[in-house]
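Right, one structure below, let's go through it.
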Amino acid sequence: TTIVEPPQPIVTYRYHCDSSFYLEPLEEMLKDAKTYGLLVLDRREAAVGLLVGKHIEAHRTLTSTVPGKQRKGGQSAHRFQQLRLIAIHEFYKRIGDAASDVFMAVDQKNFEGILIGGPSPTKEEFESGDFLHHELKKKILGLFDVAYTDESGLPELVNAASEKLSDIDLIAEKKLIQRFFTELVSDSGKAAYGEESVRANLLIGAVEVLMISEDLRAERLTIRCPNGDHEAKLTKAFKPGEDYFSPGPCPVCGYSMEVVEKVDIVDELSEMADQMNTQVEFISTDFDEGSQLMNAFGGLVAILRFSTGV
Ligand SMILES: [Zn+2]
């Protein structure tokens with residue numbers, strides 16, 4: 001039995017009868033901790049949230065005291081306009097402060113950027129002013145038209161930006177693979193591929209970025225002779241439905257060896273990477289270089305911090 005504490009709340013309910021456990025939503029969570037800042041606003045209200053993996057969290061809502069466009073009798077038009085602009089500016093400031101608080105609290109390693117939604121020209125006005133922390137301003141990925149600017153505007157914003165988001169993911173993955181290929185052809189010794197080499201480099205902490213194909217399915221087995229004279233580890237491609245695997249005879253005494261432990265290779269390598277502060281990236285096979293990673297390099301490559309010769 002394996003006990004897993006979900007890293008994010010489980011938001012779907014599912015009744016499912018099958019011969020195997022339905023783990024896809026959990027696997028999805030483990031794969032993607034990428035976080036985007038979400039902000040929707042107009043002159044009356046605003047909402048600040050985060051997109052963590054595929055889960056949207058609402059963090060703050062704000063309402064303004066900006067007066068409507070109609071002035072009361074007796075007030076000079078000029079004075080009214082001035083007060084209105086000041087109130088709008090104040091509201092943008094409050095939004096900027098709230099958003100900066102929420103976005104700066106995110107682990108910046110996973111923080112991919114900020115999406116802003118709302119009607120025009122409000123969101124453009126907000127973007128061009130200095131309302132967000134200056135470090136965050138650089139991380140604005142785009143402005144999107146949304147109709148709602150309360151909490152319900154947050155999922156609307158994610159929908160509106162979804163194409164942009166998948167492009168960003170893909171571009172980041174492409175850049176990484178291109179870096180790997182550049183190291184590979186430059187003979188710098190900083191590109192490792194093949195399970196054995198990647199594993200050896202991981203173990204000594206030489207890997208800067210570990211790239212694992214999303215299509216990689218393999219298990220790491222520990223095999224042992226019942227007579228206790230031999231133990232070894234081996235990697236086997238995962239075959240669905242295969243519940244028995246014979247590791248063959250013991251090289252010492254010839255007796256049939258047994259599988260005593262079985263772990264998913266992705267879990268095993270990710271754990272090794274964690275211990276050595278190695279960045280792990282999962283690469284989809286939806287583009288040329290990505291499928292090349294799977295088909296030509298066995299789904300496993302690494303960019304090294306320095307050349308190791310292994
Ligand atoms: Zn033996």
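Predicted model, so just to flag it, every value in this text is computed and none were measured. Atoms within each ligand, like the ligands themselves, are counted from 1 in listed order.
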Task: Side-chain H-bond candidate by donor/acceptor type, Ser307 with Lys190, under 3.5 Å - done: no
Task: Metal site the Zn ion (ligand 1): N/O/S of Cys253 inside 2.8 Å - done: yes
- [ ] Nearest 10° is fine: what angle sits at the Zn ion (ligand 1) between SG from Cys225 and SG from Cys250?
- [x] 110°
Open item on the list: Need the atom name: nearest N/O/S atom of Asp229 to the Zn ion (ligand 1).
Closed with: OD1
Open item on the list: Between Glu163 and Ala161 (side chain of the first, backbone of the second, donor and acceptor by atom type, cut-off under 3.5 Å), is there such a pair?
Closed with: no
Open item on the list: What's the separation between atom CG in Leu202 and atom CG in Asp274, rounded to the nearest 0.5 Å?
Closed with: 10.5 Å
Open item on the list: What I'd like to find out is whether the side chain of Leu157 reaches to under 4.5 Å of the side chain of Tyr148, using heavy atoms alone.
Closed with: no
